[in-house]
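To find a chain, count down the sequence lines: A is the first, B the second, and so on, and within it residues start at 1. These values consider heavy atoms only, across backbone and side chains, with no hydrogens, waters or symmetry-generated copies.
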Amino acid sequence: MPYPSYARRTDQDVAALYAYFMHGVTPVQTDPVPNPSLRWLVTFWRKLFAPNPDKVAFDPNRCADATVARGAYLVQGAGHCGSCHTPRALTMQAKALDESGPAFLSGGVDLEGWIAINLRGNEAGGMGLWSAQDIVDSLKTGRNPHAAVVGPPMSLVTAHSMQYLSDEDLHAIAAYVKTLPASAGDQVGFAPSDATAKLLQAGVNDSHGAELYVDNCAGCHRSDAQGYSRVFPTLAGNPTVLSADPHSLVHLILAGSAMPVTQAMPSPLGMPGFAWRLSDEEVAQLATYVRTEWGNTAPPVGAETARKIRAQLSPAEQAAIAQAAHQTTRQP
Amino acid sequence: MTDTPIASTRRNFLKLSISAAPAMVVGTHQAAAADAAAAYVPVYFTALEWAFLRAAAAQLIPADDLGPGAVEAGVSEFIDKQMATPWAEGRLWYMQGPFAPDAPATMGWQSKLVPREVYRLGIQDANGWTQQTYGALFADLSPDQQIEALQKIESGEASFAQVPAKTFFSILLANVREGFFSDPRHGGNRNLVGCTLIGFPGARADFMDWVDRDVSYPLPPVSIDGKRG
């Protein structure tokens with residue numbers, strides 16, 4: 001329960017939720033599975049780190065206008081975006097709960113092997129190059145003209161929650177997110193360049209990474225890394241590709257991912273996993289290639305990282321990979 | 001100095017290896033292919049049948065100036081593996097009578113014999129016929145005799161007792177082609193030599209960069225497993 005975030009909600013909204021749970025949800029007969037309670041530990045943690053609701057009550061006057069205020073309220077409170085998108089200290093408390101802390105929504109939490117991206121104004125690894133409409137589209141449809149939701153955690157958030165928000169609320173969230181300045185100490189960058197595309201289009205594959213890109217990726221993401229709008233994401237300047245921590249990118253190359261199914265865009269367009277046909281060394285070379293071409297600059301990825309992430313794949317992901325490998329040799 | 005000859009030999013060897021490096025890439029491929037072929041133990045075919053299959057495949061797609069042939073490409077291994085498929089057991093077809101050998105090709109398979117049997121009996125017939133005609137098994141004939149024999153089998157001129165010679169030849173030729181050109185995952189087209197020969201790019205999915213450009217496609221082929229030829 002992300003109560004450090006929920007503490008910001010107005011009494012009116014909490015009362016509305018209470019009324020809904022008490023009167024709007026039909027009771028069912030159920031026997032909870034008994035398990036050893038760790039709540040006493042959480043009690044200590046809460047005393048140390050959770051804010052006092054009275055002290056963090058949401059103050060719309062701190063925001064530039066009513067739209068931004070509404071967005072801030074949703075992002076910091078019920079949306080609890082920071083629970084994943086804000087880095088945590090060793091003792092697990094989020095490093096910031098609102099824009100007063102520079103770490104707020106700067107990304108970096110590893111959830112089931114996926115990294116929540118930086119939502120601040122950083123041009124390469126964050127939302128700097130996204131328009132407000134891009135953010136709205138992403139939350140409402142799971143994709144926008146150049147990017148897609150990657151990995152099950154944000155897919156679930158999109159499919160079960162964000163797509164149902166009103167357009168006003170989605171625009172408010174986007175307006176607030178766009179007010180967050182870039183975080184400092186960025187290790188990644190993006191300066192669009194057509195040099196890579198020109199080489200590939202001339203048939204020049206000047207590294208094994210380039211060969212791997214041409215043989216595995218370019219069919220969909222294309223030699224200019226632009227992909228096809230709302231179908232295959234653009235890799236140039238893509239925050240998931242350029243995340244300082246390459247965990248999501250390597251995970252995606254190994255296991256693939258499907259876009260969330262939404263009412264507005266119901267196709268779960270997906271990328272297959274390549275773990276069955278790429279070695280750890282090849283995954284590392286490919287990830288490094290896409291992080292350093294078309295104007296992307298991000299730290300290289302080592303084979304050790306790929307090996308570690310491969311070892312951490314879930315049983316379901318491993319089964320899917322085994323199936324794909326099996327299909328390659330299966331007799332009819 | 002006692003070590004001079006060794007050092008000099010080594011140096012020569014290094015010199016030679018460096019100058020031969022590009023050739024060696026090809027050389028090791030072919031050596032590996034030959035090793036793999038030598039190590040393969042056929043599952044369906046007997047030693048006698050295996051010798052026939054390799055000799056016939058080598059004549060249908062010979063190794064020549066254009067590159068490796070069917071044997072080097074692992075076509076005989078491909079056909080041996082093919083014998084374990086439902087296709088080879090006739091399980092993909094309607095296999096009850098009436099069988100009308102003279103029916104048009106559009107009427108489908110017209111024999112009680114399934115491909116596995118066509119191979120078993122066809123190879124027996126072929127060897128029997130070459131024994132009678134040339135006094136030797138097919139595999140032991142000279143290359144010219146083998147080509148002549150295959151031509152007569154293809155035309156139906158060779159007299160076969162158990163399976164029509166034309167039927168046997170057409171299945172053999174079709175399977176040799178399949179083994180030479182289908183993806184290496186099925187056992188043939190080793191190192192994508194078939195794709196390379198005809199300039200087929202393999203499993204790269206998208207060629208939008210090359211549409212409407214008056215240039216030849218410069219990249220080597222790639223297999224479904226992601227290996228380049």
| message | Using heavy-atom distances under 4.5 Å, tell me whether B/Trp87 contacts chain A through its side chain, its backbone, both, or neither. | response | neither
| said: Could you check whether atom CZ of B/Arg120 has more than 12 heavy atoms from other residues, nucleotides or ligands sitting under 6.0 Å from it? | reply: yes
| query | Which answer fits A/Val204, side chain, backbone, both or neither, if we ask what part of it has an atom under 4.5 Å from a heavy atom of chain B? | reply | neither
| query | Under a 4.5 Å heavy-atom cut-off, does chain B meet the side chain of A/Glu211, its backbone, both or neither? | reply | both
| message | For A/Asn205, which atoms come within 4.5 Å of any heavy atom of chain B: side chain, backbone, both, or neither? | response | side chain
| query | Stepwise, does the side chain to side chain contact (heavy atoms under 4.5 Å, CB included) test hold for B/Arg228 with A/Leu212? | reply | CA-CA 10 Å; B/Arg228 285 191 173 198; A/Leu212 291 169; over 6 Å; no
| field | Shortest non-hydrogen separation from B/Pro218 to A/Gly203 and the atoms involved | value | CG-CA, 3.7 Å
| field | Minimum-distance pair of heavy atoms, taken over all atoms of A/Gln201 and B/Trp210 | value | O-CH2, 3.4 Å
| message | Under a 3.5 Å cutoff, is there a donor and acceptor pairing between the side chains of B/Arg204 and A/Asn216? | response | no
| task | Please indicate whether B/Met95 has more than 12 foreign heavy atoms, meaning atoms of other residues, nucleotides or ligands, lying under 6.0 Å from its CE. | result | yes
| task | Measure the spacing between CZ of A/Arg277 and CG of B/Asp225 and express it to the nearest 0.5 Å. | result | 7.5 Å
| query | Charged N to carboxylate O below 4.0 Å: is that the case for A/Arg222 and B/Asp206? | reply | no
| query | A/Ala202 versus chain B, heavy atoms under 4.5 Å apart: side chain, backbone, both or neither? | reply | backbone
